[in-house]
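One structure is given here, and the rest of the page talks about it.
Below, chains carry the letters A, B, ... as their sequence lines are ordered, and counting in each starts from 1.
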There are 2 protein chains.
Amino acid sequence: MTAEEIAAGTPKGPRPLGDLERLVMEQLWSAEAALTVREVHERLAETRDLAYTTVMTVLDRLAKKKLTERERDGKAWRYKAAAPREELAADLMRDALDRAGDRREALVRFVGQVSDEEAALLRDALARLEARDG
Amino acid sequence: MTAEEIAAGTPKGPRPLGDLERLVMEQLWSAEAALTVREVHERLAETRDLAYTTVMTVLDRLAKKKLTERERDGKAWRYKAAAPREELAADLMRDALDRAGDRREALVRFVGQVSDEEAALLRDALARLEARDG
DNA sequence: GGGCATCTACGACGTTACGTAGTAGATCCT
DNA sequence: AGGATCTACTACGTAACGTCGTAGATGCCC
């Protein structure tokens, strides 16, 4: 735990993204390179009518939450996702597991909920892990 | 999807519990039988100084969110958890996985994050699933 | 059966997160 | 220099949550 987390009491895990935050992150995740506010705004304009500054605010908040990183490009900032979408998902899964009481029971219930295909993917992932880490 | 969910747009998955909500749920989960507001209040009083009505409000909100169920006992209500703690955790994990882009990638990252022991528990759970469902 | 204790229903207020946007001032390019 | 563009900051509405009070219903005891 960091000092801030201790001071704040119970360290809160990652929270799920808001709806707009998710839309913005999806643009960053699907982009090749880092995007400016304008570029994200343009891409979102296909489906949503948002003010330029709205997109800017969201990007800014995401940066404060360490979900995006930004670098200067002239007077503008370029934003990119700090982590792949799948990493975020894995973080949320881990966090949920950490809050479960009995991990064995939680994992049993989890695998009972996933589809056959997902179960197969899980087996693959575990097999790969074993091959790599021993 | 229910009609409400369709009307609301993107159906939101289960949200993580708030701090006090979690404390209250933990009392219910660790109790043998359904508890009254007073009983929950008394148990929480060991560590936190809360108004009786605060506990009541939280229990009530949890019931509205279908996280607890209640039955009459004289003029009072008795509350019990609607699902085991581990089921809640599994739901959150499922929800996180649903929001991941590439499930394979998300699961690979997830198993890469868990401890060796948790990975072993996962293998067990999958083996049991295979034995049961074919 | 009247009164006290207890319980619920409902409302209320502060805080924080998020969606949404405007204004003001800095910056860059022509 | 001046317009276009970008950022920083502020702001407002809504919803969730932590927190509690008041008012009225209900049950129990003497």
Side-chain angles (χ1 to χ4, degrees), chain A residues 4-5 7-27 34-42 44-45 47-79 88 92 99, chain B residues 4-5 7-27 34-42 44-45 47-79 88 92 99:
Chain A
E4 291 77 18
E5 283 170 344
T10 304
K12 300 292 292 187
R15 297 191 60 78
L17 296 172
D19 290 335
L20 183 53
E21 288 178 328
R22 183 160 28 74
L23 286 178
V24 168
M25 287 303 293
E26 279 167 5
Q27 292 305 319
L35 300 179
T36 61
V37 173
R38 183 145 306 274
E39 287 164 345
V40 174
H41 181 241
E42 275 165 6
L44 289 176
T47 48
R48 310 223 359 184
D49 189 30
L50 294 168
Y52 174 89
T53 53
T54 296
V55 177
M56 199 179 63
T57 300
V58 171
L59 248 359
D60 195 53
R61 287 179 182 165
L62 288 169
K64 287 195 177 115
K65 287 192 274 193
K66 304 288 172 65
L67 292 174
T68 65
E69 293 166 357
R70 58 185 208 174
E71 59 194 39
R72 276 286 179 193
D73 180 8
K75 69 174 162 177
W77 290 105
R78 284 194 173 275
Y79 293 81
L88 250 286
L92 286 170
R99 298 181 190 293
Chain B
E4 290 77 19
E5 283 170 345
T10 304
K12 300 293 291 187
R15 297 190 61 76
L17 296 173
D19 289 335
L20 183 51
E21 289 178 327
R22 184 160 27 74
L23 286 178
V24 168
M25 288 302 293
E26 280 167 4
Q27 292 306 318
L35 301 180
T36 61
V37 174
R38 183 144 306 273
E39 287 164 345
V40 174
H41 181 242
E42 274 164 6
L44 290 177
T47 48
R48 309 220 2 183
D49 190 30
L50 294 168
Y52 174 90
T53 53
T54 296
V55 176
M56 199 179 63
T57 299
V58 171
L59 248 359
D60 195 53
R61 287 180 182 163
L62 289 169
K64 287 197 177 113
K65 286 192 275 193
K66 303 290 172 66
L67 292 173
T68 65
E69 294 166 357
R70 59 184 205 173
E71 60 193 40
R72 275 288 179 191
D73 180 8
K75 71 173 161 179
W77 290 106
R78 283 195 173 275
Y79 293 81
L88 249 286
L92 286 170
R99 297 181 191 294

Report task. Please confirm whether any donor atom in the side chain of B:Thr54 sits under 3.5 Å from an acceptor in the base of D:dG18, or the reverse. Result -> no
Query - Value in whole Å for how far the C1' atom of D:dT7 lies from NE2 of A:His41 - result: 15 Å
Report task. Measure from the side chain of A:Lys75, starting at C-beta and using heavy atoms only, and say which of C:dA9, D:dA4, D:dT7 lies closest. Result -> D:dA4
Query raised in the report: Between D:dT7 and A:Arg78, is there an OP1 or OP2 to side-chain N/O distance shorter than 4.0 Å?
Result: no
Query raised in the report: To the side chain of B:Leu20, which of C:dT8, D:dT19, C:dG22 is closest?
Result: D:dT19
Report task. Would you sort out whether B:Lys65 and B:Glu21 count as a side-chain contact (heavy atoms from CB on, under 4.5 Å), showing the intermediate values? Result -> CA-CA 11 Å; B:Lys65 286 192 275 193; B:Glu21 289 178 327; 2.5 Å; yes
Query raised in the report: Looking at side-chain heavy atoms only, is the closest gap between A:Tyr52 and A:Val37 below 4.5 Å?
Result: yes
Report task. Ignoring backbone atoms, establish whether B:Tyr52 has a side-chain N or O less than 4.0 Å from OP1 or OP2 of C:dT8. Result -> yes
Query raised in the report: Can you tell me how far P of C:dT8 sits from CZ of B:Arg38, to the nearest Å?
Result: 9 Å
Query raised in the report: Please give, in whole Å, the distance from D:dG27 C1' to B:Trp77 CH2?
Result: 16 Å
Requested in this report: Answer yes or no: does a side-chain N or O of B:Arg48 lie under 4.0 Å from OP1 or OP2 of D:dT19?
Outcome: yes
**Report entry** 5' priority, DNA chain D, between A:Tyr79 and A:Arg15 [closest heavy atom]
**Finding:** A:Tyr79
Query raised in the report: Does D:dC17 have OP1 or OP2 sitting under 4.0 Å from an N or O in the side chain of B:Lys65?
Result: yes
Query raised in the report: For A:Leu92 and B:Leu92, what are the C-alpha separation, side-chain angles and deciding distance, and is it a side-chain contact (heavy atoms from CB on, under 4.5 Å)?
Result: CA-CA 8 Å; A:Leu92 286 170; B:Leu92 286 170; over 6 Å; no
Requested in this report: Spell out, as yes or no, whether a donor-acceptor pair under 3.5 Å connects the side chain of A:Glu39 to the backbone of A:Thr36.
Outcome: yes
Report task. Determine whether B:Met56 and B:His41 make a side-chain contact, defined as any pair of heavy atoms from C-beta on separated by less than 4.5 Å. Result -> no
Query raised in the report: Closer than 4.0 Å, any side-chain N/O of B:Arg72 to the OP1 or OP2 of D:dG27?
Result: no
Report summary line: Contact check, residues 55-64 of chain A vs DNA chain D, heavy-atom distance under 4.0 Å, returns A:Met56, A:Arg61
Query raised in the report: Whole-Å distance between D:dC28 C1' and B:Asp73 CG?
Result: 14 Å
Requested in this report: Taking atom CG of B:Asp73 as the centre, report whether more than 12 heavy atoms of other residues, nucleotides or ligands fall under 6.0 Å from it.
Outcome: yes
Query - Short side-chain to backbone donor-acceptor contact, A:Arg22 and A:Leu17, under 3.5 Å - result: no
